[in-house]
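Presented below is the structure to which this report refers.
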Amino acid sequence: MDTITPVLRDSNLYRYQGFCFFKELMPPEYIDSLQNFKIKEDDVFMITYPKSGTIWTQHILSLIYSEGYRNGTEQIETSERIPWIEFQFLHKNDHNSRPSPRLFASHLSSRFVPQGLKNRKAKVIYVMRNPKDVIKSLYHFEAMAAFAETSPDFDHFFMKFLEGDVFAGSWFDHVLGWYKHKEDFNILFIKYEDMIMDLRSVVKQICTFLGKALDDESLDIVVKKATFNEMKKEPLANKENMPEEFFDSKVGQFMRKGTIGDWKNTMTVAQSEAFDRIYQEKMGDVDLHFTWDMN
Ligand code: PPS
């Protein structure tokens with residue numbers, strides 16, 4: 001097993017092969033065991049770096065597979081429909097007894113996912129978001145999530161993010177790891193900003209990838225129920241069912257702003273320029289382009 005190091009002094013994270021895991025929730029032995037997790041050909045994995053549109057895409061997948069909840073399953077928790085593979089230790093789901101097609105969510109980088117996913121039959125949907133908005137969203141999330149460390153100020157958090165000293169490690173490593181290994185997987189990349197700008201097209205793209213032919217009425221229902229305003233009203237989507245010791249709803253809300261470009265309200269010009277330089281260094285030759293604001 002590779003070296004395991006604490007991320008920062010007193011941190012609740014540990015670094016393992018470049019990724020940062022929660023000490024209590026994700027022991028390295030369990031993470032290693034995922035390599036041999038048995039994949040079925042009709043499995044679907046939805047993967048994100050945190051704060052990139054995870055719950056949104058989970059919600060969309062739930063709606064697609066339940067035909068807009070017309071089968072009366074709206075009270076089933078998203079994490080039950082689409083459980084996290086790396087939090088098995090916490091949920092103790094028996095994935096083997098789940099009916100197919102099994103849907104999974106994960107924040108793992110490509111090096112940690114089950115080897116069987118490389119059969120290129122099981123499907124992977126990777127959702128990404130412009131990293132400046134990820135920083136802003138994660139900064140707020142840290143403050144409300146009891147299991148994450150709260151930074152004293154944005155500048156401190158900004159540096160921590162650039163060092164990759166946050167859960168899931170470096171955004172650059174995560175996105176590049178998946179993107180550069182795309183030939184290994186049967187994978188669809190989607191962008192948070194495209195969902196904001198034309199949700200219907202992205203939902204259609206997801207349906208095509210999954211081989212789910214929804215009629216126009218079902219598609220309308222999925223799109224309507226997946227808008228920010230509709231999801232904000234849904235206690236389950238907004239994680240209002242989570243105990244206070246996990247999420248402090250007095251500090252903030254999970255469904256916070258749901259926009260493109262909110263980073264501009266917090267990041268200084270100097271921080272933004274420093275970020276651009278690092279972005280250029282790390283992503284320069286990669287054909288990935290993000291929408292940074294609504295203009
Ligand atoms: S997590 O904790 O990693 O699972 O978070 P994640 O779900 O990836 O990201 C949370 C951000 O997604 C926004 N969100 C949405 N935006 C637009 N429309 C819809 N329907 C939607 N659902 C979730 C949520 O508001 C968080 O972004 P911010 O910028 O903080 O508002």
Side-chain angles (χ1 to χ4, degrees), residues 19-22 25-26 45-64 77-79 81-87 90 104-109 125-148 154 157 161 166-169 171 174-175 190-203 206 221-242 246-249 251-267 290-294:
F19 195 97
C20 295
F21 295 99
F22 286 113
L25 306 178
M26 310 159 119
F45 277 69
M46 192 268 315
I47 314 240
T48 58
Y49 185 85
K51 313 321 285 181
S52 302
T54 320
I55 196 86
W56 193 4
T57 314
Q58 271 179 310
H59 197 70
I60 290 169
L61 291 177
S62 299
L63 286 162
I64 291 173
E77 280 204 40
T78 312
S79 60
R81 296 167 196 276
I82 311 179
W84 294 90
I85 191 155
E86 61 266 31
F87 289 111
L90 182 69
F104 295 95
S106 178
H107 284 315
L108 290 176
S109 58
I125 298 176
Y126 187 89
V127 190
M128 49 185 136
R129 182 182 192 184
N130 91 59
K132 289 183 179 176
D133 278 327
V134 169
I135 295 177
K136 174 76 185 271
S137 184
L138 196 52
Y139 175 61
H140 278 273
F141 185 73
E142 257 204 353
M144 65 177 280
F147 49 86
F154 182 74
F157 178 76
F161 184 91
V166 290
F167 170 54
W171 179 90
H174 203 283
V175 171
I190 56 177
K191 294 196 186 120
Y192 177 96
E193 292 77 18
D194 292 341
M195 291 160 77
I196 293 271
M197 291 185 288
D198 189 352
L199 183 55
R200 195 182 169 89
S201 293
V202 177
V203 172
I206 294 174
I221 295 174
V222 174
V223 172
K224 183 167 181 291
K225 290 195 177 193
T227 58
F228 184 82
N229 288 338
E230 284 294 315
M231 280 181 61
K232 201 173 166 67
K233 284 189 281 188
E234 280 209 27
L236 285 181
N238 213 6
K239 299 201 189 287
E240 284 168 23
N241 58 324
M242 296 294 271
F246 270 110
F247 290 112
D248 190 345
S249 55
V251 176
Q253 283 215 307
F254 190 84
M255 299 289 295
R256 196 182 61 87
K257 284 201 173 172
T259 55
I260 309 172
D262 186 44
W263 58 271
K264 289 186 165 177
N265 296 316
T266 303
M267 218 176 261
F290 290 94
T291 305
W292 302 93
D293 57 43
M294 288 304 264

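When a ligand or atom number is given, it counts from 1 through the structure's own listing order.
Any N or O atom pair closer than 3.5 Å counts here, and S52 shares at least one such pair with ligand 1. Between K51 and ligand 1, at least one N/O pair is under 3.5 Å apart. For ligand 1, the polar-atom distance check finds an N/O of G53 within less than 3.5 Å of one of the ligand's N/O atoms.
Residues M231 and W56 share a closest heavy-atom pair of SD-CD1, 3.7 Å. Nearest heavy-atom pair, I82 versus S62, reported as atom, atom and distance to 0.1 Å: CD1-OG, 3.8 Å.
In the vicinity of M231, heavy-atom distances shorter than 4.0 Å reach the ligand 1 atoms 20 (N), 22 (N). Every atom of ligand 1 is numbered from 1 in the order shown, and the set under 4.0 Å from a heavy atom of P50 is 3 (O). Near G258, with a cut-off below 4.0 Å to any heavy atom, the atoms of ligand 1 are 16 (N), 17 (C), 25 (O), 28 (P), 31 (O). Listed by number with element, the atoms of ligand 1 under 4.0 Å from a non-hydrogen atom of A226 are 20 (N). Taking every heavy atom of I55 and a limit of under 4.0 angstrom, the matching atoms of ligand 1 come to 7 (O), 23 (C). Annotation for ligand 1: atoms under 4.0 Å from non-hydrogen atoms of M255 are 21 (C), 22 (N), 23 (C), 25 (O).
For the atom pair CZ of F228 and CE of M255, the computed distance is 4.5 Å after rounding to the nearest 0.5 Å. Going from atom CG of L138 over to atom NZ of K136 covers 12.5 Å, rounded to the nearest 0.5 Å. To the nearest 0.5 Å, atom CD1 of residue I55 and atom OG1 of residue T78 are 4.5 Å apart. In this structure, CD1 in I206 is found 11.0 Å from OG in S201, a value given to the nearest 0.5 Å. The OG atom of S109 sits 5.5 Å away from atom NE2 of H174, with the distance rounded to the nearest 0.5 Å.
Proximity of T227 to ligand 1, defined as any heavy-atom pair under 4.0 Å, is confined to the backbone N, CA, C and O atoms. With a 4.0 Å heavy-atom cut-off, ligand 1 is reached by no atom of K232.
Residues F141 and F254 have side chains in contact (heavy-atom distance under 4.5 Å, counting atoms from C-beta outward).
In this structure, the side chain of H107 does not engage the main chain of E86 through any donor-acceptor pair within 3.5 Å.
Looking at Y192, Y139, W263 and measuring to atom 14 (N) of ligand 1, the nearest heavy atom belongs to Y192. Of all the listed residues (R256, E234, K225), R256 holds the heavy atom that lies closest to atom 25 (O) of ligand 1. Compare R129, H59, Q58 by their heavy atoms: the one nearest to atom 11 (C) of ligand 1 is in R129. Of the candidates Y49, W56, F141, W56 brings a heavy atom nearest to atom 18 (N) of ligand 1.
Between F290 and W171, the ring center distance clears the sub-6.0 Å criterion.
Using cut-offs of 30° and 60° for the angle between ring planes, the F161 and F157 rings count as tilted.
Ligand 1 is approached by H107 to a heavy-atom distance shorter than 4.0 Å. Put simply, no part of K136 is less than 4.0 Å from ligand 1, judged by heavy atoms. Within the 4.0 Å heavy-atom shell around ligand 1 one finds F254.
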